[in-house]
Amino acid sequence: MPELPEVESARQVIDRYALGRVIAEVDDSDTYVCRPHTPGEIRSALLGRRLSAVHRRGKSMWCETTGVGRTRKPGPLLGFHLGMSGKIVVADRRGSEVDGGDYWERGRKPGDLRFARFRLTFADGGHLALIDPRRLGRVRLDPPVEKLGPDAAVVTRPEFQSAMSRGTIAVKARLLDQEALAGVGNLLADQALWAARIRPSRPVDELTPDDVDRLYDGVRESVADSLADGGVHTLSFFPARRAGGVCPRCGAALQVGVVGTRTTWWCPVEQV
DNA sequence: TATAGTGTTATCGG
DNA sequence: ACCGATAACACTAT
């Protein structure tokens with residue numbers, strides 16, 4: 001289930017395997033995943049064009065599109081969000097697939113399009129599909145990416161300080177706010193707060209400048225590690241995050257609760 | 001068998 | 001304006 005590193009690997013799959021191919025057909029019939037568009041709206045915007053570039057900010061991706069004519073006229077942006085169960089697969093003419101890695105959905109067999117909620121068919125016979133059993137993902141034209149905060153992989157310290165200022169909300173809830181900081185999900189948030197030794201329920205207005213500094217380091221380090229190691233499952237705090245789990249540093253029994261509506265694990269001894 | 005879940009968005013109430 | 005809670009989505013893992 002995707003967080004920032006999994007979205008980045010999906011972006012790389014599109015970048016490497018889908019760019020430049022001409023769009024010959026579009027299945028945008030899933031009205032929930034393609035909301036607020038009506039069926040055929042994305043199709044008619046994309047037919048005959050090609051994907052020319054792909055970007056990521058936080059957990060959102062979008063493709064630039066261009067016409068195939070001499071002018072390569074820029075067209076609408078095609079946005080993707082993987083939600084909680086989404087996965088991008090790109091296939092060649094023979095149906096042979098590549099995807100962003102085996103990070104979830106271990107049971108799915110390559111080529112299984114049962115849960116394809118959106119599909120571009122290319123003129124060469126291959127396709128790009130969003131596989132998404134729970135339909136929590138999203139495909140839309142011209143996604144509002146300008147509303148997102150700075151990307152967690154490249155956010156600067158001053159930007160982060162600004163994102164953590166104002167209000168009284170729990171620090172974990174703020175980390176999860178994609179308009180404040182884009183790309184931190186539930187697991188990365190727990191990891192970063194554990195690394196910084198900060199209790200997830202601490203109100204942001206009670207954080208000291210030193211707390212914010214350590215949290216910045218924790219976020220950057222957690223994101224960098226998960227990007228380097230291929231996903232949030234590789235994070236050091238992840239294995240402890242279960243019933244009976246103990247703090248990997250001090251061995252204390254972890255505490256579990258709900259913060260910012262999400263299940264949260266933390267070390268009650270070290271995270272104060 | 002029952003329940004929780006690595007996400008987002010909209011809405012309601014305080 | 002801010003914040004917490006809830007529902008919706010529909011499937012998988014435990």
Side-chain angles (χ1 to χ4, degrees), chain A residues 1-10 30-37 56-61 79-88 100-109 112-118 130-140 143-145 147-149 152 163-194 200-206 222-223 225-227 229-245 256-265:
Chain A
M1 305 187 188
E3 283 208 36
L4 187 153
E6 289 80 9
V7 178
E8 174 57 21
S9 70
D30 190 311
T31 55
Y32 188 75
V33 166
C34 297
R35 71 193 184 284
H37 300 295
R56 180 192 59 76
R57 183 153 168 186
K59 291 174 272 198
S60 293
M61 287 185 287
F80 294 99
H81 197 292
L82 302 182
M84 208 129 93
S85 63
K87 167 175 190 152
I88 295 288
D102 202 20
Y103 53 85
W104 75 284
E105 216 196 27
R106 290 178 295 260
R108 178 180 177 272
K109 297 199 177 91
D112 181 357
L113 294 176
R114 268 183 307 162
F115 297 122
R117 308 304 191 185
F118 176 83
L130 171 67
I131 309 295
D132 183 12
R134 291 182 65 181
R135 297 173 79 209
L136 295 169
R138 205 148 169 201
V139 180
R140 59 168 299 180
V145 290
K147 283 173 61 181
L148 293 169
M164 294 300 121
S165 66
R166 295 183 298 277
T168 58
I169 198 170
V171 58
K172 177 171 176 181
R174 179 60 57 78
L175 284 176
L176 295 174
D177 178 352
Q178 303 298 302
E179 296 187 17
L181 178 68
V184 175
N186 201 29
L187 266 50
L188 275 170
D190 280 3
Q191 173 78 35
L193 288 160
W194 175 77
S201 59
R202 284 265 295 282
V204 288
D205 62 333
E206 292 177 16
S222 304
V223 171
D225 287 354
S226 61
L227 277 169
D229 297 341
V232 287
H233 286 112
T234 66
L235 293 169
S236 58
F237 191 62
F238 178 78
R241 224 176 152 282
R242 53 176 180 77
V256 60
V258 173
V259 180
T261 77
R262 312 302 304 280
T263 300
T264 301
W265 296 80

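Numbered from 1 within each chain, the chains take letters A, B, ... in sequence-line order.
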Rounded interatomic separation in angstrom, taking CG from A:Asp132 and P from B:dG5 | 19 Å
Is A:Arg166 salt-bridged to A:Asp205, cutoff N-O under 4.0 Å?
-> no
Between B:dT6 (P) and A:Trp194 (CH2): distance, integer Å | 19 Å
Can you check the A:Phe80 CZ to B:dG7 C1' distance for me, whole Å?
-> 17 Å
Partners passing side-chain contact (heavy atoms from CB on, under 4.5 Å) against A:Leu187 (at least two apart in sequence or in another chain) = A:Glu3, A:Val232, A:Phe238, A:Arg241
With the side chain defined as heavy atoms from C-beta on, A:Phe115 is closest, among B:dT6, B:dT8, C:dT12, to C:dT12
A:Arg134 side-chain proximity, nearest of B:dT8, C:dC9, B:dT6 = C:dC9
CG on A:Asp177 to CG on A:Leu181, rounded to 0.5 Å = 9.0 Å
Interatomic distance where CG belongs to A:Leu187 and P belongs to B:dG7 [whole Å] = 7 Å
Flag, side chain of A:Arg174 to backbone of A:Ile169, donor-acceptor distance under 3.5 Å = no
Answer yes or no: does a side-chain N or O of A:Thr263 lie under 4.0 Å from OP1 or OP2 of B:dG5?
-> yes
Take the angle between the ring planes of A:Phe118 and A:Phe80 and call it parallel below 30°, perpendicular above 60°, tilted in between.
-> perpendicular
5′-ward residue of the pair A:Lys147/A:Arg241 relative to DNA chain B = A:Arg241
Inter-nucleotide C1' distance (C:dC9, B:dT1), Å rounded | 23 Å
A:Glu3 CD to B:dT8 P: how many Å, rounded?
-> 9 Å
Applying side-chain contact (heavy atoms from CB on, under 4.5 Å), name anything that partners A:Thr31, two or more places apart in sequence or on another chain.
-> A:Pro39
Counting N and O atoms only, with roles assigned by atom type, does the side chain of A:Thr261 sit under 3.5 Å from a partner on the main chain of A:Val259, one being a donor and the other an acceptor?
-> no
Rounded off to whole Å, could you give me the CG-to-P distance for the A:Leu175 and B:dG7 pair?
-> 12 Å
Base versus backbone protein contacts along nucleotides 3-8 of chain C [heavy-atom cut-off under 4.0 Å; B, S, -] | SS-B--
Euclidean distance, atom NZ of residue A:Lys87 to atom C1' of C:dT12 [Å, nearest integer] | 14 Å
Test side-chain contact (heavy atoms from CB on, under 4.5 Å) applied to A:Thr263 - qualifying residues, sequence neighbours left out | A:Val256, A:Trp265
Would you tell me if any nitrogen or oxygen in the side chain of A:Arg262 comes within less than 4.0 Å of OP1 or OP2 on B:dT6?
-> yes
Residues forming a side-chain contact (heavy atoms from CB on, under 4.5 Å) with A:Lys59, sequence neighbours excluded | A:Val7, A:His81, A:Gln178
Short side-chain N/O contact to C:dC11 OP1/OP2 from A:Arg117, under 4.0 Å | yes
Considering just the side-chain nitrogens and oxygens of A:Gln178, establish if one lies under 4.0 Å of OP1 or OP2 belonging to B:dT8.
-> yes
Starting from P on B:dT8, measure out to CG on A:Leu82 and report it in whole angstrom.
-> 10 Å
Against the side chain of A:Arg138, the closest entry in B:dT8, C:dC9, B:dT9 is B:dT9
List DNA chain B stems (3 or more consecutive Watson-Crick/G-U pairs, under 3.5 Å)?
-> B:2-5 with C:11-14, B:7-14 with C:2-9
Between A:Met164 and A:Val204 the two heavy atoms that sit nearest each other are O-CB, 3.4 Å
